[in-house]
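Every chain is numbered from 1, with letters handed out A, B, ... down the list of sequences.
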Number of protein chains: 2
Amino acid sequence: MHETDQQYLSRASLTKKRTRIQAEKEETILDAALEVFSTFGFRGATIDQIATRAGMTKPNLLYYFRRKRDIYLAVLRRTLDNWLTPLEALDSEGDPLSEIQAYINRKLEMSRDNPLASRLFALEILQGAPILSDVLTGQLKLLVDQKAAVIQRWVTTGRLAPIDPYHLIFMVWATTQHYADFETQIRALLGGTIADEGHYDAALSTLNTLFVNGIAPQSGP
Amino acid sequence: MHETDQQYLSRASLTKKRTRIQAEKEETILDAALEVFSTFGFRGATIDQIATRAGMTKPNLLYYFRRKRDIYLAVLRRTLDNWLTPLEALDSEGDPLSEIQAYINRKLEMSRDNPLASRLFALEILQGAPILSDVLTGQLKLLVDQKAAVIQRWVTTGRLAPIDPYHLIFMVWATTQHYADFETQIRALLGGTIADEGHYDAALSTLNTLFVNGIAPQSGP
DNA sequence: CAAAATCCTGACCAATTGGTCAACATTACG
DNA sequence: CGTAATGTTGACCAATTGGTCAGGATTTTG
(Lines give C-alpha, C1' and ligand atoms only; values in the text may rest on other atoms or scores of the structure.)
Protein backbone atom coordinates (compact mmCIF):
# COMPACT_ATOMS: atom_id res chain seq x y z
CA MET A 1 0.00 0.00 0.00
CA HIS A 2 2.73 2.44 0.81
CA GLU A 3 4.66 1.27 -2.18
CA THR A 4 1.83 1.99 -4.56
CA ASP A 5 0.96 5.27 -2.86
CA GLN A 6 4.43 6.53 -3.42
CA GLN A 7 4.19 5.71 -7.07
CA TYR A 8 1.75 8.56 -7.48
CA LEU A 9 4.12 11.03 -5.94
CA SER A 10 7.51 10.14 -7.28
CA ARG A 11 7.44 10.81 -10.96
CA ALA A 12 10.52 8.79 -11.70
CA SER A 13 8.50 5.78 -10.76
CA LEU A 14 6.75 5.87 -14.08
CA THR A 15 9.76 3.86 -15.10
CA LYS A 16 9.24 0.19 -15.72
CA LYS A 17 10.94 -0.93 -12.56
CA ARG A 18 11.94 0.83 -9.38
CA THR A 19 15.63 1.08 -9.92
CA ARG A 20 18.40 0.98 -7.37
CA ILE A 21 19.18 4.63 -7.98
CA GLN A 22 15.56 5.61 -7.50
CA ALA A 23 15.36 3.86 -4.15
CA GLU A 24 18.54 5.50 -2.96
CA LYS A 25 17.84 9.00 -4.21
CA GLU A 26 14.25 9.08 -3.06
CA GLU A 27 15.31 8.17 0.44
CA THR A 28 18.06 10.76 0.43
CA ILE A 29 15.58 13.37 -0.75
CA LEU A 30 12.99 12.51 1.87
CA ASP A 31 15.59 12.64 4.62
CA ALA A 32 16.70 16.07 3.47
CA ALA A 33 13.11 17.19 3.03
CA LEU A 34 12.21 16.16 6.57
CA GLU A 35 15.00 18.34 7.92
CA VAL A 36 14.04 21.34 5.86
CA PHE A 37 10.25 21.11 6.11
CA SER A 38 10.38 20.47 9.87
CA THR A 39 12.40 23.64 10.30
CA PHE A 40 10.75 26.04 7.88
CA GLY A 41 7.33 24.58 7.18
CA PHE A 42 5.94 24.00 3.73
CA ARG A 43 5.99 27.56 2.46
CA GLY A 44 9.19 28.46 4.20
CA ALA A 45 11.12 25.61 2.66
CA THR A 46 12.61 25.90 -0.81
CA ILE A 47 13.31 23.14 -3.26
CA ASP A 48 16.84 24.42 -3.61
CA GLN A 49 17.43 24.06 0.12
CA ILE A 50 16.27 20.47 0.03
CA ALA A 51 18.28 19.72 -3.08
CA THR A 52 21.43 21.19 -1.61
CA ARG A 53 21.04 19.24 1.61
CA ALA A 54 20.42 16.11 -0.42
CA GLY A 55 23.57 16.80 -2.40
CA MET A 56 21.93 17.20 -5.79
CA THR A 57 20.75 19.88 -8.19
CA LYS A 58 17.23 21.21 -8.22
CA PRO A 59 16.27 19.79 -11.61
CA ASN A 60 17.65 16.46 -10.54
CA LEU A 61 15.49 16.46 -7.44
CA LEU A 62 12.50 17.48 -9.53
CA TYR A 63 13.15 14.46 -11.70
CA TYR A 64 12.22 12.30 -8.70
CA PHE A 65 9.41 14.41 -7.31
CA ARG A 66 7.77 16.63 -9.86
CA ARG A 67 6.31 19.14 -7.45
CA LYS A 68 7.23 20.61 -4.08
CA ARG A 69 3.94 19.43 -2.70
CA ASP A 70 4.72 15.87 -3.76
CA ILE A 71 7.88 15.89 -1.68
CA TYR A 72 5.98 17.26 1.28
CA LEU A 73 3.25 14.67 0.96
CA ALA A 74 5.76 11.85 0.64
CA VAL A 75 7.55 12.95 3.80
CA LEU A 76 4.32 13.21 5.74
CA ARG A 77 3.25 9.75 4.60
CA ARG A 78 6.55 8.17 5.43
CA THR A 79 6.38 9.63 8.94
CA LEU A 80 2.71 9.09 9.65
CA ASP A 81 2.94 5.49 10.80
CA ASN A 82 5.59 6.30 13.38
CA TRP A 83 3.34 8.99 14.65
CA LEU A 84 0.31 6.74 15.17
CA THR A 85 2.02 3.58 16.37
CA PRO A 86 2.51 4.50 20.05
CA LEU A 87 -1.20 5.01 20.63
CA GLU A 88 -2.13 1.95 18.61
CA ALA A 89 -0.10 -0.16 20.98
CA LEU A 90 -2.25 0.86 23.97
CA ASP A 91 -3.68 -2.49 25.03
CA SER A 92 -7.18 -2.71 26.43
CA GLU A 93 -6.28 -6.00 28.07
CA GLY A 94 -3.36 -4.61 30.00
CA ASP A 95 -3.21 -2.94 33.38
CA PRO A 96 -4.51 0.62 33.00
CA LEU A 97 -1.75 2.41 34.85
CA SER A 98 1.04 0.39 33.25
CA GLU A 99 -0.47 0.81 29.84
CA ILE A 100 -0.62 4.55 30.11
CA GLN A 101 2.83 4.69 31.63
CA ALA A 102 4.16 2.61 28.76
CA TYR A 103 2.38 4.87 26.30
CA ILE A 104 4.01 7.94 27.82
CA ASN A 105 7.32 6.14 27.60
CA ARG A 106 6.95 5.42 23.93
CA LYS A 107 5.88 8.95 23.16
CA LEU A 108 8.76 10.51 25.03
CA GLU A 109 11.18 8.18 23.28
CA MET A 110 9.76 9.32 19.98
CA SER A 111 10.23 12.96 20.92
CA ARG A 112 13.83 12.19 21.74
CA ASP A 113 14.64 9.97 18.77
CA ASN A 114 12.61 11.66 16.09
CA PRO A 115 12.06 15.30 17.00
CA LEU A 116 12.03 16.33 13.35
CA ALA A 117 8.94 14.25 12.71
CA SER A 118 7.23 15.78 15.70
CA ARG A 119 8.02 19.27 14.53
CA LEU A 120 6.89 18.47 11.01
CA PHE A 121 3.45 17.50 12.26
CA ALA A 122 3.37 20.37 14.71
CA LEU A 123 4.00 22.87 11.92
CA GLU A 124 1.43 21.23 9.70
CA ILE A 125 -1.25 21.29 12.39
CA LEU A 126 -0.38 24.77 13.61
CA GLN A 127 -1.00 26.03 10.12
CA GLY A 128 -4.42 24.45 10.02
CA ALA A 129 -3.41 21.03 8.71
CA PRO A 130 -4.09 21.92 5.06
CA ILE A 131 -2.67 18.58 3.97
CA LEU A 132 -3.36 16.36 6.96
CA SER A 133 -6.92 17.43 7.74
CA ASP A 134 -8.33 14.29 6.18
CA VAL A 135 -6.05 12.16 8.29
CA LEU A 136 -7.12 14.01 11.42
CA THR A 137 -10.83 13.58 10.89
CA GLY A 138 -10.41 10.07 9.48
CA GLN A 139 -7.66 7.74 10.53
CA LEU A 140 -6.64 9.63 13.66
CA LYS A 141 -10.17 10.24 14.91
CA LEU A 142 -11.01 6.55 14.51
CA LEU A 143 -7.97 5.55 16.48
CA VAL A 144 -8.51 8.12 19.21
CA ASP A 145 -12.21 7.34 19.56
CA GLN A 146 -11.36 3.69 19.96
CA LYS A 147 -8.64 4.21 22.55
CA ALA A 148 -10.71 6.80 24.39
CA ALA A 149 -13.42 4.18 24.73
CA VAL A 150 -10.89 1.80 26.24
CA ILE A 151 -9.82 4.40 28.77
CA GLN A 152 -13.44 5.26 29.51
CA ARG A 153 -14.08 1.62 30.33
CA TRP A 154 -11.16 1.67 32.74
CA VAL A 155 -12.65 4.70 34.42
CA THR A 156 -16.15 3.27 34.55
CA THR A 157 -14.94 0.06 36.15
CA GLY A 158 -13.02 2.05 38.74
CA ARG A 159 -9.60 1.00 37.59
CA LEU A 160 -8.75 4.64 36.87
CA ALA A 161 -9.69 7.88 38.57
CA PRO A 162 -12.59 9.67 36.89
CA ILE A 163 -11.06 11.66 34.06
CA ASP A 164 -12.02 12.62 30.53
CA PRO A 165 -10.24 10.15 28.21
CA TYR A 166 -9.87 12.58 25.32
CA HIS A 167 -8.32 15.29 27.40
CA LEU A 168 -6.10 12.72 29.07
CA ILE A 169 -4.79 11.73 25.66
CA PHE A 170 -4.28 15.39 24.78
CA MET A 171 -2.23 15.88 27.94
CA VAL A 172 0.01 12.96 27.07
CA TRP A 173 0.53 14.32 23.58
CA ALA A 174 1.12 17.85 24.80
CA THR A 175 3.64 17.00 27.49
CA THR A 176 5.67 14.52 25.50
CA GLN A 177 5.71 16.33 22.17
CA HIS A 178 6.58 19.56 23.93
CA TYR A 179 10.13 18.32 24.37
CA ALA A 180 10.54 17.93 20.61
CA ASP A 181 8.48 20.86 19.39
CA PHE A 182 9.86 23.43 21.81
CA GLU A 183 13.37 22.03 21.93
CA THR A 184 14.78 25.49 21.34
CA GLN A 185 13.07 26.83 24.41
CA ILE A 186 14.01 23.82 26.53
CA ARG A 187 17.60 24.27 25.51
CA ALA A 188 17.54 27.95 26.39
CA LEU A 189 16.14 27.22 29.85
CA LEU A 190 17.84 23.96 30.80
CA GLY A 191 21.04 24.30 28.82
CA GLY A 192 20.28 21.00 27.13
CA THR A 193 17.57 18.80 25.66
CA ILE A 194 16.12 15.38 26.40
CA ALA A 195 18.85 14.02 24.17
CA ASP A 196 20.89 14.43 27.37
CA GLU A 197 20.20 11.46 29.59
CA GLY A 198 19.86 13.53 32.73
CA HIS A 199 17.19 15.75 31.27
CA TYR A 200 15.44 12.77 29.74
CA ASP A 201 15.24 11.01 33.09
CA ALA A 202 14.02 14.13 34.84
CA ALA A 203 11.31 14.64 32.23
CA LEU A 204 10.18 11.04 32.39
CA SER A 205 10.12 11.00 36.14
CA THR A 206 8.09 14.21 36.24
CA LEU A 207 5.65 12.75 33.74
CA ASN A 208 5.29 9.62 35.83
CA THR A 209 4.75 11.52 39.05
CA LEU A 210 2.10 13.64 37.43
CA PHE A 211 0.20 11.03 35.50
CA VAL A 212 0.48 8.11 37.87
CA ASN A 213 -0.58 10.12 40.90
CA GLY A 214 -3.05 11.99 38.77
CA ILE A 215 -5.03 9.09 37.47
CA ALA A 216 -4.57 6.28 39.94
CA PRO A 217 -7.97 5.32 41.34
CA GLN A 218 -8.55 7.07 44.64
CA SER A 219 -8.15 4.62 47.48
CA GLY A 220 -10.78 4.34 50.18
CA PRO A 221 -14.55 3.79 50.25
CA MET B 1 10.02 51.77 27.12
CA HIS B 2 7.60 50.12 24.79
CA GLU B 3 6.75 53.43 23.26
CA THR B 4 10.31 54.26 22.45
CA ASP B 5 11.05 50.72 21.25
CA GLN B 6 8.29 50.95 18.73
CA GLN B 7 9.71 54.17 17.38
CA TYR B 8 12.58 52.22 15.90
CA LEU B 9 10.27 49.89 14.06
CA SER B 10 7.54 52.07 12.70
CA ARG B 11 9.03 54.38 10.16
CA ALA B 12 6.16 56.77 10.15
CA SER B 13 7.17 57.62 13.66
CA LEU B 14 10.01 59.71 12.38
CA THR B 15 7.32 62.33 12.20
CA LYS B 16 7.40 65.05 14.78
CA LYS B 17 4.45 63.73 16.72
CA ARG B 18 2.65 60.43 16.83
CA THR B 19 -0.47 61.33 14.92
CA ARG B 20 -3.96 60.01 15.40
CA ILE B 21 -3.79 58.23 12.07
CA GLN B 22 -0.51 56.59 12.97
CA ALA B 23 -1.90 55.21 16.18
CA GLU B 24 -4.95 53.83 14.42
CA LYS B 25 -3.23 52.38 11.41
CA GLU B 26 -0.38 50.83 13.32
CA GLU B 27 -2.81 49.02 15.56
CA THR B 28 -4.85 47.83 12.59
CA ILE B 29 -1.70 46.58 10.94
CA LEU B 30 -0.47 44.74 14.00
CA ASP B 31 -3.84 43.07 14.45
CA ALA B 32 -3.80 41.90 10.87
CA ALA B 33 -0.17 40.88 11.13
CA LEU B 34 -0.88 38.75 14.19
CA GLU B 35 -3.51 36.84 12.29
CA VAL B 36 -1.33 36.26 9.27
CA PHE B 37 1.97 35.54 11.01
CA SER B 38 0.35 33.19 13.51
CA THR B 39 -1.10 31.18 10.65
CA PHE B 40 1.74 31.13 8.15
CA GLY B 41 4.85 31.98 10.13
CA PHE B 42 7.30 34.68 9.15
CA ARG B 43 8.39 33.33 5.79
CA GLY B 44 4.98 32.00 4.88
CA ALA B 45 3.28 35.34 5.42
CA THR B 46 3.26 37.98 2.73
CA ILE B 47 3.05 41.72 3.16
CA ASP B 48 0.21 41.78 0.69
CA GLN B 49 -1.80 39.35 2.80
CA ILE B 50 -1.34 41.53 5.86
CA ALA B 51 -2.14 44.68 3.93
CA THR B 52 -5.30 43.20 2.48
CA ARG B 53 -6.49 41.99 5.86
CA ALA B 54 -5.73 45.42 7.29
CA GLY B 55 -7.74 47.00 4.49
CA MET B 56 -4.93 48.97 2.91
CA THR B 57 -2.47 48.79 0.05
CA LYS B 58 0.99 47.34 0.35
CA PRO B 59 2.86 50.61 -0.12
CA ASN B 60 0.60 52.19 2.43
CA LEU B 61 1.42 49.50 4.95
CA LEU B 62 5.10 49.88 4.15
CA TYR B 63 4.80 53.54 4.93
CA TYR B 64 4.14 52.58 8.56
CA PHE B 65 6.56 49.67 8.82
CA ARG B 66 9.39 49.83 6.36
CA ARG B 67 10.27 46.16 6.40
CA LYS B 68 8.46 42.88 6.86
CA ARG B 69 10.72 42.02 9.73
CA ASP B 70 9.76 45.27 11.47
CA ILE B 71 6.12 44.27 11.44
CA TYR B 72 6.98 40.84 12.78
CA LEU B 73 9.12 42.27 15.55
CA ALA B 74 6.47 44.77 16.52
CA VAL B 75 3.84 42.03 16.78
CA LEU B 76 6.09 39.87 18.90
CA ARG B 77 6.87 42.76 21.22
CA ARG B 78 3.27 43.76 21.61
CA THR B 79 2.38 40.17 22.56
CA LEU B 80 5.34 39.34 24.74
CA ASP B 81 4.05 40.86 27.96
CA ASN B 82 0.81 38.90 27.79
CA TRP B 83 2.86 35.80 27.35
CA LEU B 84 4.99 36.32 30.44
CA THR B 85 2.42 37.77 32.81
CA PRO B 86 0.74 34.54 33.98
CA LEU B 87 3.99 33.10 35.34
CA GLU B 88 5.04 36.41 36.84
CA ALA B 89 1.91 36.36 38.94
CA LEU B 90 2.91 33.11 40.65
CA ASP B 91 3.20 34.22 44.26
CA SER B 92 5.81 32.69 46.52
CA GLU B 93 3.76 33.76 49.54
CA GLY B 94 0.62 31.95 48.47
CA ASP B 95 -0.49 28.38 49.06
CA PRO B 96 1.50 26.15 46.67
CA LEU B 97 -1.38 24.11 45.33
CA SER B 98 -3.67 27.11 44.90
CA GLU B 99 -0.93 29.12 43.26
CA ILE B 100 -0.22 26.45 40.68
CA GLN B 101 -3.90 25.87 40.13
CA ALA B 102 -4.39 29.58 39.58
CA TYR B 103 -1.44 29.63 37.20
CA ILE B 104 -2.93 26.81 35.16
CA ASN B 105 -6.17 28.72 35.11
CA ARG B 106 -4.59 31.86 33.76
CA LYS B 107 -2.67 29.95 31.13
CA LEU B 108 -5.73 28.08 29.91
CA GLU B 109 -7.67 31.31 29.77
CA MET B 110 -4.93 32.79 27.62
CA SER B 111 -5.06 29.82 25.28
CA ARG B 112 -8.77 30.37 24.94
CA ASP B 113 -8.78 34.14 24.65
CA ASN B 114 -5.62 34.68 22.66
CA PRO B 115 -4.82 31.55 20.67
CA LEU B 116 -3.22 33.58 17.91
CA ALA B 117 -0.55 34.87 20.25
CA SER B 118 0.15 31.35 21.43
CA ARG B 119 0.51 30.09 17.88
CA LEU B 120 2.72 33.02 16.95
CA PHE B 121 5.19 32.10 19.67
CA ALA B 122 4.87 28.41 18.91
CA LEU B 123 5.80 28.98 15.29
CA GLU B 124 8.67 31.23 16.24
CA ILE B 125 10.10 28.71 18.69
CA LEU B 126 9.47 25.72 16.45
CA GLN B 127 11.58 27.36 13.82
CA GLY B 128 14.43 27.85 16.24
CA ALA B 129 13.40 31.23 17.67
CA PRO B 130 15.54 33.23 15.24
CA ILE B 131 14.08 36.45 16.58
CA LEU B 132 13.18 35.54 20.15
CA SER B 133 16.29 33.62 21.13
CA ASP B 134 17.60 36.55 23.13
CA VAL B 135 14.34 36.78 25.02
CA LEU B 136 14.46 33.06 25.78
CA THR B 137 17.95 33.08 27.21
CA GLY B 138 17.47 36.45 28.86
CA GLN B 139 14.15 37.68 30.15
CA LEU B 140 12.40 34.32 30.09
CA LYS B 141 15.23 32.36 31.68
CA LEU B 142 15.48 34.89 34.49
CA LEU B 143 11.79 34.63 35.19
CA VAL B 144 11.71 30.84 35.00
CA ASP B 145 14.79 30.40 37.17
CA GLN B 146 13.22 32.61 39.77
CA LYS B 147 9.87 30.84 39.79
CA ALA B 148 11.51 27.43 39.66
CA ALA B 149 13.36 28.38 42.81
CA VAL B 150 10.07 29.25 44.47
CA ILE B 151 8.61 25.89 43.53
CA GLN B 152 11.77 24.13 44.66
CA ARG B 153 11.38 25.75 48.07
CA TRP B 154 7.83 24.46 48.26
CA VAL B 155 9.09 20.98 47.49
CA THR B 156 11.96 21.15 49.96
CA THR B 157 9.66 22.29 52.75
CA GLY B 158 7.33 19.40 52.02
CA ARG B 159 4.45 21.57 50.84
CA LEU B 160 4.62 19.91 47.42
CA ALA B 161 5.43 16.39 46.33
CA PRO B 162 9.00 15.94 45.15
CA ILE B 163 9.05 17.04 41.54
CA ASP B 164 11.44 18.90 39.24
CA PRO B 165 10.26 22.52 39.12
CA TYR B 166 11.45 23.18 35.58
CA HIS B 167 9.75 20.16 34.13
CA LEU B 168 6.63 20.97 36.12
CA ILE B 169 6.55 24.38 34.48
CA PHE B 170 7.09 22.76 31.08
CA MET B 171 4.13 20.48 31.70
CA VAL B 172 1.89 23.42 32.52
CA TRP B 173 2.99 25.23 29.39
CA ALA B 174 2.63 22.14 27.24
CA THR B 175 -0.82 21.15 28.39
CA THR B 176 -2.38 24.59 28.36
CA GLN B 177 -0.81 25.91 25.16
CA HIS B 178 -1.68 22.68 23.40
CA TYR B 179 -5.30 23.79 23.22
CA ALA B 180 -4.32 26.89 21.29
CA ASP B 181 -1.46 25.55 19.21
CA PHE B 182 -3.16 22.34 18.13
CA GLU B 183 -6.64 23.79 17.90
CA THR B 184 -7.09 22.26 14.46
CA GLN B 185 -6.45 18.80 15.82
CA ILE B 186 -8.64 19.34 18.87
CA ARG B 187 -11.45 20.45 16.62
CA ALA B 188 -11.06 17.42 14.40
CA LEU B 189 -11.21 15.08 17.37
CA LEU B 190 -13.71 16.77 19.67
CA GLY B 191 -15.82 18.60 17.13
CA GLY B 192 -15.09 21.86 18.92
CA THR B 193 -12.46 23.88 20.78
CA ILE B 194 -12.05 25.26 24.28
CA ALA B 195 -13.93 28.30 23.03
CA ASP B 196 -16.92 26.02 23.72
CA GLU B 197 -17.66 26.15 27.41
CA GLY B 198 -18.18 22.42 27.71
CA HIS B 199 -14.80 21.60 26.28
CA TYR B 200 -13.16 24.34 28.31
CA ASP B 201 -14.56 22.95 31.55
CA ALA B 202 -13.55 19.41 30.64
CA ALA B 203 -10.02 20.53 29.84
CA LEU B 204 -9.71 22.53 33.04
CA SER B 205 -11.07 19.76 35.17
CA THR B 206 -8.69 17.24 33.61
CA LEU B 207 -5.80 19.61 34.24
CA ASN B 208 -6.83 20.00 37.85
CA THR B 209 -7.20 16.29 38.42
CA LEU B 210 -3.79 15.63 36.96
CA PHE B 211 -1.82 18.42 38.55
CA VAL B 212 -3.50 18.60 41.93
CA ASN B 213 -3.33 14.85 42.50
CA GLY B 214 0.05 14.78 40.87
CA ILE B 215 1.83 17.26 43.06
CA ALA B 216 -0.06 17.34 46.33
CA PRO B 217 2.32 16.32 49.09
CA GLN B 218 1.89 12.63 49.85
CA SER B 219 0.00 12.20 53.08
CA GLY B 220 2.41 11.15 55.80
CA PRO B 221 3.72 7.74 56.69
C1' DC C 1 -7.63 79.59 4.58
C1' DA C 2 -3.05 78.48 3.21
C1' DA C 3 1.24 76.42 3.95
C1' DA C 4 3.42 72.52 5.99
C1' DA C 5 3.25 68.06 7.35
C1' DT C 6 1.53 63.77 6.77
C1' DC C 7 -0.71 60.21 4.16
C1' DC C 8 -1.65 57.34 0.08
C1' DT C 9 -1.10 54.94 -4.39
C1' DG C 10 0.03 53.21 -9.16
C1' DA C 11 3.81 51.98 -11.43
C1' DC C 12 7.88 49.92 -11.16
C1' DC C 13 12.18 47.06 -9.95
C1' DA C 14 15.23 43.29 -8.53
C1' DA C 15 15.57 38.98 -6.24
C1' DT C 16 13.71 34.66 -5.23
C1' DT C 17 11.55 30.61 -6.42
C1' DG C 18 8.71 26.72 -8.49
C1' DG C 19 9.04 24.41 -12.45
C1' DT C 20 10.43 23.10 -17.64
C1' DC C 21 13.29 21.38 -21.31
C1' DA C 22 16.62 20.04 -24.65
C1' DA C 23 20.82 17.99 -24.70
C1' DC C 24 24.17 15.22 -22.72
C1' DA C 25 25.86 11.30 -19.45
C1' DT C 26 25.42 7.08 -17.30
C1' DT C 27 23.56 2.61 -16.28
C1' DA C 28 21.15 -1.69 -17.26
C1' DC C 29 20.75 -5.44 -20.10
C1' DG C 30 20.23 -8.69 -24.09
C1' DC D 1 29.51 -4.27 -26.96
C1' DG D 2 25.63 -1.63 -28.40
C1' DT D 3 21.29 0.10 -27.65
C1' DA D 4 17.47 1.26 -24.90
C1' DA D 5 16.27 3.06 -20.56
C1' DT D 6 17.29 5.93 -17.02
C1' DG D 7 19.71 9.76 -14.82
C1' DT D 8 21.70 14.65 -14.75
C1' DT D 9 22.32 19.42 -15.71
C1' DG D 10 22.71 24.37 -17.37
C1' DA D 11 19.91 27.53 -19.23
C1' DC D 12 15.72 29.40 -19.06
C1' DC D 13 10.81 31.04 -17.93
C1' DA D 14 6.84 32.97 -15.47
C1' DA D 15 4.93 34.07 -11.14
C1' DT D 16 5.47 35.81 -6.65
C1' DT D 17 7.17 38.92 -3.49
C1' DG D 18 9.83 42.46 -0.70
C1' DG D 19 10.62 46.94 -1.31
C1' DT D 20 11.06 51.89 -3.76
C1' DC D 21 9.52 56.27 -5.49
C1' DA D 22 7.51 60.29 -7.58
C1' DG D 23 3.67 62.72 -7.30
C1' DG D 24 -0.94 63.55 -5.92
C1' DA D 25 -4.54 63.66 -1.87
C1' DT D 26 -5.64 64.65 2.77
C1' DT D 27 -5.03 66.32 7.31
C1' DT D 28 -2.98 69.34 10.68
C1' DT D 29 -1.80 73.62 12.30
C1' DG D 30 -0.67 78.48 12.67
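- DNA chain D lies under 4.0 Å from at least one heavy atom of each of the following residues of residues 41-60 of chain B: B:A45, B:T46, B:I47, B:K58, B:P59.
- For CD of B:E197, the number of neighbouring non-hydrogen atoms (other residues, nucleotides, ligands) closer than 6.0 Å is 12 at most.
- Atom CD in A:E24 sits roughly 14 Å away from atom C1' in D:dT6 (whole-Å rounding).
- Between A:K141 and A:D145 a salt bridge is recorded (basic side-chain N to carboxylate O distance below 4.0 Å).
- Contacts classified as ring-ring contact (aromatic ring centres under 6.0 Å, His included) and involving residues 101-145 of chain A (residues at least two apart or in different chains) are given here: A:W83-A:F121.
- Between B:Y72 atom OH and D:dG19 atom P there is a gap of 15 Å when expressed in whole angstrom units.
- Going from atom CZ of A:R67 over to atom C1' of C:dT17 covers 14 Å, rounded to whole Å.
- Side-chain atoms of A:R18 never come within 3.5 Å of backbone atoms of A:A23 as a donor-acceptor pair (strictly under, hydrogens ignored).
- When rounded to the nearest whole Å, the span between CZ of B:R18 and P of D:dT28 equals 15 Å.
- Note on B:Q22: every side-chain N or O is 4.0 Å or more away from OP1 and OP2 of C:dT6.
- Here A:R78 pairs with A:D31 in a salt bridge; the nearest charged N to carboxylate O distance falls below 4.0 Å.
- Here the CD atom belonging to B:E99 is positioned 10.0 Å from the CD1 atom belonging to B:I151, to the nearest 0.5 angstrom.
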*Sugar-phosphate means primed atoms, P, OP1 and OP2; the rest is base. With that split, encode nucleotides 22-30 of chain C 5' to 3' as B, S or - using protein heavy atoms under 4.0 Å.*
-----SSS-

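- In this structure, A:T79 OG1 and A:L30 CG are separated by 8.5 Å, a value rounded to the nearest 0.5 Å.
- A sub-4.0 Å separation between OP1 or OP2 of D:dG7 and a side-chain N or O of A:Y63 is present.
- Between the OG1 atom in A:T209 and the CG atom in B:L168 there is a gap of 10.0 Å [rounded to 0.5 Å].
- One atom, NZ of B:K68, and another, C1' of C:dA15, lie 14 Å apart when rounded to the nearest Å.
- Qualifying side chain to side chain donor-acceptor pair (under 3.5 Å) partners for A:E124, counting only residues two or more places apart in sequence or in other chains: A:Y72.
- Taking atom CG of B:L62 as the reference point, atom C1' of C:dC12 lies 14 Å away to the nearest angstrom.
- Contacts of B:R69 classified as salt bridge (Lys or Arg N to Asp or Glu O under 4.0 Å), with partners at least two apart in sequence or in another chain: none.
- Under the 30°/60° scheme for interplanar angles, the aromatic rings of B:Y179 and A:F170 are found to stand perpendicular.
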Distances for protein N or O near nucleotides 1-3 of chain C N or O, under 3.5 Å:
none

